[in-house]
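All ligand and atom numbering here is 1-based and tracks the order in the structure. Hydrogens, waters and symmetry mates play no part in the numbers below; they use all other heavy atoms, side chains included.
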Amino acid sequence: MVSMEKIVSLCKRRGFVFPSSEIYGGLNGSWDYGPLGVELKRNVKEAWWQDMIAQHDEVEAPPGAPGAFDMVGLDSALLMNPRVWEASGHVGGFNDPMVDCRETKVRYRADQLVVFAVALEGPGEPREVVDDVLFAAPGELGKTPEDELLAVHKKRIAAIERGRGRGRRVTIEPRPDALRAEAERRKTLAPGATEPGTLTAPRAFNLMFKTHVGALEDHSSVAYLRPETAQGIFVNFRNVVDTARVKLPFGIGQIGKAFRNEINPRNFTFRSREFEQMEIEFFCAPSEAAAWYAYWRDRRFRWYVELGIRSDSLRLREHGRDELAHYAAACADVEYAFPFGLSELEGVANRADFDLRQHMQASGKDLRYFDDQAATEEARRFLPHVIEPSAGVDRATLAFLCDAYAEDEVGGEPRTVLKLHPRLAPVKAAVFPLVKKEGMPEKARTVRATLKGRFKTIYDEKGAIGRRYRRQDEAGTPFCITIDGESMTSDTVTVRERDDCAQTRVSIGALAQYLADRIEA
Ligand code: GAP
């Protein structure tokens, strides 16, 4: 498994992702996508939009679907009337528990800060738990809290071993709920603190970014940067039904930025304060909600596999009843085995009629659907139920990068290669003249021009051909097209494949179609 350090280093080196405002020291939880990263991220969004919305055929039911359905798109404003967030429950309840260290001034998410007790074990001796001093540790980039603990509290633990160990081995064991108990917190040594007892009790922290709209900065001008794109869809439900002439079941999809004042942004772009979501709200008759939930859960899992993620790196985790929000009938996470552990890529939830009901009550507007085919008046007007597949663009992009990363040997030399699905690859083809003479550069530019408008390509004539291949392998470019001596007489080129380095001679006239077939396949 690739380490996060390798992914972060490749992203920086090749211009996929940079720390935001880096020349000023960066800003925690914000990232900039460089020239290759922006192409990759756009391709992820484009694949989602094409596969879920634009290419959707409303006449025929796709495999596994309970029936045919419509899909339409939306691009709602980022700033909305603050009453949206009161009705949705975000103002009152979109909280994470936080803990502050009074000495180091560092703030932690309480559920990410794990408290451990040290235990001493020796052959033939009973296990002894040293619980007059406890250690707290957060999991950092690519590390578990256990690894982090042993690193940050190394000296203190070594001192316990020397003082009380008498040759016994030190192990650590988690102390769940220790942060809630005052007596336990008093004994707990926080990361970087010199004395125990500096952590505060957990407090609720609202994750929404507040701002002010207009010139006045008072209570009446408060607005929020949206923490999800979903509410923009719910508040436009009536507009879409009235204008797009869609009938149940149908879905509205949206891609856009979301902002959360995360207490501890971490694991590179995985948890950031500014990120993008790709969300669908799928509206259906209440009696069909369970069947549509199963369809979307499986469809969204399959989408990642179709775009090249190995299915053994993915897991579909159905939530237990105790994990579900009070209004949700079911929820499943699509999880990916990131180098820092199995973590959520996307959530698919059956939200029943919670959101439409909340907005109907708060706005006073009738958001019920009118079914003119229903037999009775009661059956004609009802609130549809909603299935919500909610994916993160940045998390999907990171998962595609991690899964595509490989190190192998070509011609006895080590190489790093990104085996991205050709649909996602930032550059589809690189065009090279074998040498910078004999008319090859001119011919290579002509060949590149035949691909313009269909594929993102680059031209490279610098350095030995092997080095040029290596540069493209690291960028994930699936095809390298070389113009050589034979090209000058036969109007053919060689197409070299990124993954197995196989080379095929293709006529220049057939090249664009050859690439199109391979990219779509
Ligand atoms: N409308 C439902 C909703 O927003 P969520 O589980 O809070 O649900 C959905 O978020 C997806 O958005 C997550 O599965 C993840 O991919 C992405 N996401 C959420 N918070 C994120 C963050 N701080 N950084 C990056 N992506 C995030």
Where ligand 1 meets [X] - atom numbers and elements under 4.0 angstrom, heavy-atom basis:
X      : answer
Gly392 : 16 (O), 17 (C)
Glu388 : 1 (N), 2 (C)
Glu346 : 14 (O)
Glu344 : 6 (O), 13 (C), 14 (O)

Phe340 six-ring face occupied by Arg266 cation (under 6.0 Å, within 45°):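 Checked: cation-pi criterion not met.
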Pi-cation contact, Trp296 with Arg299 (under 6.0 Å, within 45°):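 Relative to the ring axis of Trp296, which defines the angle, Arg299 lies outside at least one limit.
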Is there a polar contact between ligand 1 and [X], counting only N or O atoms under 3.5 Å apart?
X      : value
Ala391 : no
Asp394 : no
Leu345 : yes
Thr269 : no

Look at [atom] and say which protein heavy atom is nearest, naming residue and atom and giving the distance to 0.1 Å.
atom                    : answer
atom 8 (O) of ligand 1  : Ser390 OG, 3.8 Å
atom 18 (N) of ligand 1 : Phe275 CE1, 3.5 Å
atom 12 (O) of ligand 1 : Gln277 NE2, 3.2 Å
atom 25 (C) of ligand 1 : Phe270 O, 3.1 Å
atom 24 (N) of ligand 1 : Ser272 N, 3.0 Å

Parallel, tilted or perpendicular: rings of His153 and Phe135 (30°, 60°):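 Aromatic pair Phe135/His153 classed tilted.
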Parallel, tilted or perpendicular: ring planes of Phe250 versus Phe283, cut at 30 and 60 degrees: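 Tilted: the ring planes of Phe250 and Phe283 meet at 30° to 60°.
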Approximate separation, where rounding is to 0.5 Å, of His385 NE2 and Ser287 OG: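 So the NE2 of His385 and the OG of Ser287 are separated by 9.5 Å.
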Just to be sure I read this right, does ligand 1 sit under 4.0 Å from the backbone of [X], its side chain, both, or neither, counting only heavy atoms?
X      : result
Asp333 : neither
Glu228 : side chain
Glu279 : side chain
Ala230 : side chain

Residues Asp96 and Arg260 bridged, charged N to O under 4.0 Å: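 No, this pair does not count.
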Sole candidate of Arg226, Arg395, Lys45 that passes salt bridge (charged side-chain N to carboxylate O under 4.0 Å, His left out) when paired with Glu276: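 That would be Lys45; it is the only one of Arg226, Arg395, Lys45 passing the salt bridge (charged side-chain N to carboxylate O under 4.0 Å, His left out) with Glu276.
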Closest candidate by heavy atom, reference atom 4 (O) of ligand 1, pool Arg395, Arg260, Gln231: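 Among Arg395, Arg260, Gln231, the closest heavy atom to atom 4 (O) of ligand 1 comes from Arg260.
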Backbone of Thr416 reached by a side-chain donor or acceptor of Asp473 within 3.5 Å: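 Such a contact is absent between Asp473 side chain and Thr416 backbone.
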Check: Arg498 side chain, Gly476 main-chain N or O, donor-acceptor pair, under 3.5 Å: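 Pair found, side chain donor or acceptor close to backbone of Gly476.
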side-chain contact (heavy atoms from CB on, under 4.5 Å) partner of Phe301, chosen from Val348, Leu345, Leu314: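 Option passing the side-chain contact (heavy atoms from CB on, under 4.5 Å) with Phe301: Leu314.
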Passing candidate, side chain to side chain donor-acceptor pair (under 3.5 Å) with Thr229, options Glu281, Lys257, Glu279: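 Only one of Glu281, Lys257, Glu279 forms a side chain to side chain donor-acceptor pair (under 3.5 Å) with Thr229, namely Glu279.
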